[in-house]
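Let me begin by presenting the structure, written as structure tokens, before commenting on it.
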Protein chains: 2
Amino acid sequence: MTGRIVIVDDHELVQIGLRALLTEHGLDVAGQAATGAEGLDLIRSLKPDLALIDIRLPDMSGIQVCQEIRKTDEATRLAVLTALMDKNVVHACIQTGVQGYLLKDLPAEELLRAIQNILAGKAVLDPTVTGYALKWLEMRQESGAEKEVLDLRDVEILRLMAQGWSNQAIGKYLHLSENTIKALVNDIYRRLGVKNRVEAVMEAYRHGLL
Amino acid sequence: MTGRIVIVDDHELVQIGLRALLTEHGLDVAGQAATGAEGLDLIRSLKPDLALIDIRLPDMSGIQVCQEIRKTDEATRLAVLTALMDKNVVHACIQTGVQGYLLKDLPAEELLRAIQNILAGKAVLDPTVTGYALKWLEMRQESGAEKEVLDLRDVEILRLMAQGWSNQAIGKYLHLSENTIKALVNDIYRRLGVKNRVEAVMEAYRHGLL
DNA sequence: TTCAGAAACACCCGATTGGGTGTATCAAAA
DNA sequence: TTTTGATACACCCAATCGGGTGTTTCTGAA
């Protein structure tokens, strides 16, 4: 079960730690990247068995990286590695089709076991987040309506909002009317429990959605 | 310049990374701790030449750890190692008498050099932090022309903006009129080179001002 | 003393946001 | 078949924001 692994994390300390941990146990770290863009290039060119991707990267969100990869590549296993545990992020990850959601403060041994499991073909969610995931999957199957959760388009809109775009500009960009954007934006506020643009963007940013 | 070093960090990955980096370059990691309490015990018993301390620990702040140590021990060098850059934290660290303030996303090589410098008796502030520290010291000494720089009140206003407050609310809170807040806010936009609230808050957040 | 410039406003105005109600379409469930 | 819901709008309106001009007051330098 030797696996070629790519690490995408902007903290070089974490890179070093991961590589030390993985190589020590016979796993092959084929490449490392510090930004989302570099990570995309690396994954596309190396086609590793597994990519470990940090959520918070300097240029883009790790989730976006996963989405990009999944557009053209269903084979490479993806796992996000993050310090935070957030409902919306977990859901976005599952929707994107990642095989693992791992927390950085996990003991090294558990982390290693999780990675080995993913390489072996299993999907691994950190135990502390499994509850959320299961509940969400239940709702998905039976009622289909999974209210209160931000979908990918919501996150896209939040990203544009965070760049200072107006509703009108967002509407033109997404080929929707300004009125529709306003409705969607209000929905986002309700789901995030905030009452204006700045709060929404800050919430999203803190939760690693951007 | 062989130094005995203690690491206090709750992320085992970072511990592993640091240890690999340091031992690889002939430095001696004498001990590691995952909590502030453990860290205090370890530093007091081992009396290392340098303690690298994470700011965010499960039981207490790394700054508190430094303060505790400094109560009885002026000799052990202390350096905080953190992912976040906060002006207030920097200020507190300098007042506590730490020798280093290092950011986790620094390239490994620079990190290593910084640590070697600290062991050699120099005090090292991360370059991105030094600016703030110097500016702060300037303002203390003289009323030198510090144009184009956000002062403390600007940052306070940005903090309130980031929490979703309206200009009116900010004005009431700071005992200023809404019109004055508007003028100040526009000044902030000009200095940050942005054109609306969301952008300003994002800029400030990215620059560690919040 | 006079002058320059800052700080703290007032007033104005168009653009945008926040929030509500209402509607046409379409697809899936009852 | 009917009904439900989700989606993508339109219209409306008050509040707020973005940005400009102009006034007063105070302080420090010429």
Side-chain angles (χ1 to χ4, degrees), chain A residues 91 95 136 138-205, chain B residues 135 138-205:
Chain A
H91 292 161
Q95 252 183 332
W136 182 73
E138 274 170 27
M139 297 201 314
R140 204 96 267 239
Q141 285 182 330
E142 48 186 68
S143 75
E146 92 306 338
K147 271 287 194 248
E148 302 317 302
V149 168
L150 301 181
D151 63 22
L152 295 180
R153 193 180 56 178
D154 292 329
V155 175
E156 172 75 357
I157 290 176
L158 273 166
R159 247 194 53 238
L160 298 172
M161 284 166 63
Q163 282 162 27
W165 290 34
S166 71
N167 291 335
Q168 199 183 45
I170 296 173
K172 273 191 182 124
Y173 181 74
L174 295 181
H175 305 293
L176 294 172
S177 85
E178 183 185 347
N179 292 309
T180 301
I181 300 301
K182 283 170 66 173
L184 293 172
V185 167
N186 279 327
D187 247 33
I188 291 174
Y189 295 165
R190 196 174 42 70
R191 288 179 182 156
L192 288 180
V194 301
K195 64 185 218 307
N196 60 43
R197 216 155 253 255
V198 175
E199 277 186 278
V201 168
M202 288 301 285
E203 265 295 295
Y205 195 84
Chain B
K135 225 161 270 163
E138 272 173 28
M139 294 210 311
R140 295 246 112 189
Q141 288 181 328
E142 258 187 70
S143 62
E146 32 42 79
K147 271 284 198 221
E148 300 317 294
V149 168
L150 301 182
D151 64 21
L152 295 179
R153 193 179 56 178
D154 292 329
V155 176
E156 172 76 357
I157 290 175
L158 273 167
R159 250 195 46 239
L160 297 172
M161 284 166 64
Q163 282 160 26
W165 291 33
S166 70
N167 290 336
Q168 199 182 46
I170 296 173
K172 272 190 183 128
Y173 181 74
L174 296 181
H175 305 293
L176 294 171
S177 85
E178 184 185 347
N179 291 309
T180 301
I181 300 301
K182 282 170 68 173
L184 293 172
V185 166
N186 277 328
D187 248 34
I188 291 173
Y189 295 164
R190 195 173 42 71
R191 289 180 179 151
L192 288 180
V194 301
K195 63 183 220 308
N196 61 41
R197 220 153 248 255
V198 174
E199 279 184 277
V201 169
M202 289 301 286
E203 266 296 296
Y205 196 86

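Residue numbering restarts at 1 for every chain, and letters A, B, ... go by the order of the sequence lines. Note that this is a predicted model, so its numbers are computed, not measured.
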Less than 3.5 Å apart, which donor and acceptor atoms pair up between the side chains of residues 168-178 of chain A and the rest of the protein, not counting sequence neighbours?
| residue | atom | partner | partner atom | Å |
| --- | --- | --- | --- | --- |
| A/Ser177 | OG | A/Asn179 | N | 3.2 |
| A/Ser177 | OG | A/Thr180 | N | 3.1 |
| A/Ser177 | OG | A/Thr180 | OG1 | 3.2 |

D/dG20 C1' sits how many Å from B/Arg190 CZ, rounded?
14 Å

Given atom CD1 of A/Ile181 and atom P of D/dT7, what is their separation to the nearest angstrom?
13 Å

Nucleotides 8-20 of chain C: protein proximity per nucleotide (B base, S sugar-phosphate only, - neither; heavy atom, under 4.0 Å)
SBBBB----BBB-

Hey, is A/Glu156 close enough to A/Arg153 for a salt bridge, meaning N to O under 4.0 Å?
no

Residues A/Ala162 and A/Val201: closest non-hydrogen pair is CB-CG1, 3.6 Å

Euclidean distance, atom CZ of residue B/Arg191 to atom C1' of D/dG18 [Å, nearest integer]
17 Å

Pairwise side chain to side chain donor-acceptor pair (under 3.5 Å) hits with a residue in residues 194-204 of chain A, at least two apart:
A/Asn167-A/Arg197, A/Glu203-A/Arg206, A/Glu203-A/His207

Just wondering, do B/Met161 and B/Leu158 contact through their side chains at under 4.5 Å, heavy atoms?
yes

